[in-house]
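Right, one structure below, let's go through it.
Here, residue 1 is the first one in the sequence, and each next residue gets the next number.
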Amino acid sequence: MIALVASVAACTDDYKDWAEPQVVPQPTKVSFADGSIQTVGTIDFNSVTAERVQVCAITAPTATDASYEPQYTIALGDQTFDLDADGTMTAAKLQDYVIANYGRRPVERVVDATVSAWLSNGTTTVKTATSGVFQIKAIPEAPQISRNYYLVGGTQDWAESARNKTQKFQHSDKDVYEDPIFTIIINAAEGDTWFAIGDDAACEAIANDNDWSKLLGTTDGNGQNGLTGTLDFRYNLSDDGSLMVPAGNKFIKVTLNMMDYTYVITPLSFSKYFYEIGNESGWSTSHLLYSADNDGKYQGYYWLDGEFKFKPNADNWDDDVEYVSGSMSGTLVTTGGPNCPDPGAGFYQINLDMSAMTYNLVKVEAVGIIGGFNGWGGDVDMAYNQAEGCWEATTTLDADTELKFRANHDWAINWGGDTDNLTQDGANLQVSAGTYKFQLYISYAGNNKVVITKQ
């Protein structure tokens, strides 16, 4: 027999024209010298159980020498496979070809094919005929996609992170076959960061039976993988297929496409700024959120009125962050979600944690002036001037005094220090006796200030 081995190339781009219908009717029978090739119906690998599958029916060309044994091959693209006289080939090889060239999505794929006839006497093989082009239609077997995936390892103890499922990938509320993308952002280790991927069953196997074989790793073991690759059930204690990201990063974003079982790793170093934008400005103004420590944790104070969202760039929508769930506290995802919901018109402390992909809103119901002039026991409430973007109050100080500003009649949120650079928990301000108009502008650290005008 002729031994023909097909090499399968990895292909992760499965989003181009995947559902485009066939427009031109194709022939059901094509010539094969003085024989013919008859097409068969669609092959659905979700119901195929046999090792071999029929891809066509062959009416053999007339052989010129009966002493030669007829043999057949089938060409799919630039790859060639053995074919039996009854038109069957190895089912796994056909499905591997379809997946490698079209992806795992379980929709009908159309593959051009030709069949060649050969005569062989054991030492000499001669091609005698090649058929016209016909089409094989096949639906790949749907991949197993779980509802939940977890990162095991990283900066956390491997067994504990599996047992407690502490590092869960984020996903939209869509069906996993409609949206197979899962994402997570984790802290990077000081050195190399090693991890694997598991679903609920894999994590429970570790927790209950110390069975690590169900984790997904990479086909290239021992950290030799790059930042993109294919996932496989390759992780075990003796043949380490863990994923690895070299040292030198603050955070690591991992994106899984479980339709193709592929991953993309993105090392991250967060910038100082992120932005809120929303209905309160007609989606025209990007409000700056500030991260003091470049750790992906941002804060700002702004008026909200309607839906809103977050984005990393003031002047464009590239890599904006999408809503998943929650209200005053919510979860976020980097792709495919709606706007964050309307919390109700009002002034809010906005907290965004890009390392955890969460946000939190604290409504500022009141802002007041408190100090020695009122025995540090009450607040002079200020009114919010939405047009001016500041909190305002006019009050009389009977003597020189110290004072500060605080929110919601509580010290959890308070500002003091330099009038041109108010900070959380800053020092008391010194103000002489008199009647003053106070205009408090609060937006983000480094831009908070108060304008005090004597009346």
| field | No-hydrogen, no-angle side-chain donor-acceptor test under 3.5 Å, N210 and W212 | value | yes

| remark: For residues 288-297, the salt bridge (charged side-chain N to carboxylate O under 4.0 Å, His left out) pairs (sequence neighbours left out) are none

| Modelled atom types, side-chain donor and acceptor of N187 and T155, under 3.5 Å | no

| task | Indicate yes or no for a side-chain donor-acceptor contact from E322 to the backbone of N339 under 3.5 Å, with no hydrogens or angles considered. | result | no

| query | Hey, what's the ring geometry for Y298 with F274, parallel, tilted or perpendicular (30° and 60° as the breaks)? | reply | tilted

| said: Contact between L216 and M258 at the side-chain level, heavy atoms closer than 4.5 Å - yes or no? | reply: yes

| query | Is the shortest heavy-atom distance from the side chain of L304 to the side chain of E276 under 4.5 Å? | reply | yes

| Any luck finding a side-chain donor-acceptor pair between T358 and D353 under 3.5 Å? | no

| Charged N to carboxylate O below 4.0 Å: is that the case for D86 and R52? | no

| said: Using side chain to side chain donor-acceptor pair (under 3.5 Å), reason through T331 and S325 one step at a time and then give a plain yes or no. | reply: CA-CA 5 Å; T331 56; S325 63; 2.9 Å; yes

| message | Would you say that more than 12 heavy atoms from the other residues, nucleotides or ligands in this model lie under 6.0 Å from the NZ of K449, or not? | response | no

| Does T62 offer a backbone N or O that forms a donor-acceptor pair with the side chain of D34 under 3.5 Å? | yes

| task | Evaluate whether atom CD of E388 has more than 12 neighbouring non-hydrogen atoms of other residues, nucleotides or ligands under 6.0 angstrom away. | result | yes

| Reported CD-to-CD distance for the pair Q299 and Q424, which is rounded to 0.5 angstrom | 7.5 Å

| request: For residues T166 and Q156, determine if any side-chain heavy atom of one lies less than 4.5 Å from a side-chain heavy atom of the other. | output: yes

| note | When rounded to the nearest 0.5 Å, the distance separating CD1 of I185 from CD1 of I252 is 11.0 Å

| query | Taking it one step at a time, do V48 and I43 satisfy side-chain contact (heavy atoms from CB on, under 4.5 Å)? | reply | CA-CA 8 Å; V48 170; I43 302 165; 4.0 Å; yes

| said: Measuring centre to centre across the rings, with the benzene-like ring taken for any Trp, is Y301 within less than 6.0 Å of W415? | reply: yes

| request: May I ask you to decide if G282's main-chain N or O and N279's side chain share a donor-acceptor pair within less than 3.5 Å? | output: no

| task | With H287 as reference, evaluate Y275, Y273, Y302 under the ring-ring contact (aromatic ring centres under 6.0 Å, His included) test and give the passing residue. | result | Y302

| query | Are side-chain heavy atoms of F251 and M354 found at a separation under 4.5 Å? | reply | no

| Is a donor on one side and an acceptor on the other found under 3.5 Å between the side chain of N414 and the backbone of D425? | yes

| Just checking, any donor-acceptor pair under 3.5 angstrom between side chains of T114 and T130? | no

| request: Could you tell me whether the side chain of V254 reaches within less than 4.5 Å of the side chain of T183, counting heavy atoms only? | output: no

| task | Classify the side-chain pair N164/E160 by whether it contains a donor and acceptor separated by less than 3.5 Å. | result | yes

| said: Under a 3.5 Å distance rule, please check whether D192 uses its side chain to pair with a backbone N or O of A247 as donor and acceptor. | reply: yes

| said: Can you give me the closest heavy-atom contact between P246 and N249, atom names plus distance? | reply: O-ND2, 3.1 Å

| request: Could you check if a side-chain atom of D232 sits within less than 4.5 angstrom of a side-chain atom of T230, using non-hydrogen atoms only? | output: no

| said: Measuring only between side-chain heavy atoms, which start at C-beta, is W118 closer than 4.5 Å to V126? | reply: no

| query | Hey, which of Y150, Y149, Y261 is the one that makes side chain to side chain contact (heavy atoms under 4.5 Å, CB included) with I197? | reply | Y149

| message | Given 3.5 Å as the limit, does a donor-acceptor pair link the side chain of S172 with the main chain of K174, or not? | response | yes

| K309 and D320 ion-paired at < 4.0 Å | yes

| field | SB check K165 E204 (cutoff 4.0 Å) | value | yes

| said: With a 3.5 Å distance limit and no angle check, can you tell me whether E307 reaches the backbone of G278 through a side-chain donor-acceptor pair? | reply: no

| said: Between T88 (side chain only) and Q54 (backbone N and O only), is there a donor and an acceptor less than 3.5 Å apart? | reply: no

| task | Using modelled atom types only, decide if a donor and an acceptor are shared between the side chain of N408 and the backbone of D410 within a distance under 3.5 Å. | result | no

| field | Stepwise ring-ring contact (aromatic ring centres under 6.0 Å, His included) test for Y384 and W303 | value | CA-CA 10 Å; Y384 187 68; W303 184 270; 5.2 Å; yes

| Is it true that F347 and W391 have ring centroids separated by less than 6.0 Å? | yes

| field | Whether over 12 other heavy atoms sit under 6.0 Å from K29 NZ | value | no

| query | Do we see a donor-acceptor contact under 3.5 Å between the side chains of E141 and N46? | reply | no

| query | Hey, are the side chains of L231 and T262 touching, using non-hydrogen atoms and a 4.5 Å cut-off? | reply | no

| Of the non-hydrogen atoms in L361 and P343, which two are nearest, and what is the gap between them? | CD1-CB, 3.8 Å

| task | May I ask you to decide if the ring planes of H171 and F182 are parallel, tilted or perpendicular, using 30° and 60° as cut-offs? | result | parallel

| said: Whether the side chain of R109 engages the backbone of Y102 through a donor-acceptor N/O pair (distance < 3.5 Å, no angle test) should be reported. | reply: yes

| For S146 and N148, does a side-chain donor sit closer than 3.5 Å to a side-chain acceptor? | no

| query | Is the gap between the ring centers of F308 and F310 under 6.0 Å? | reply | yes

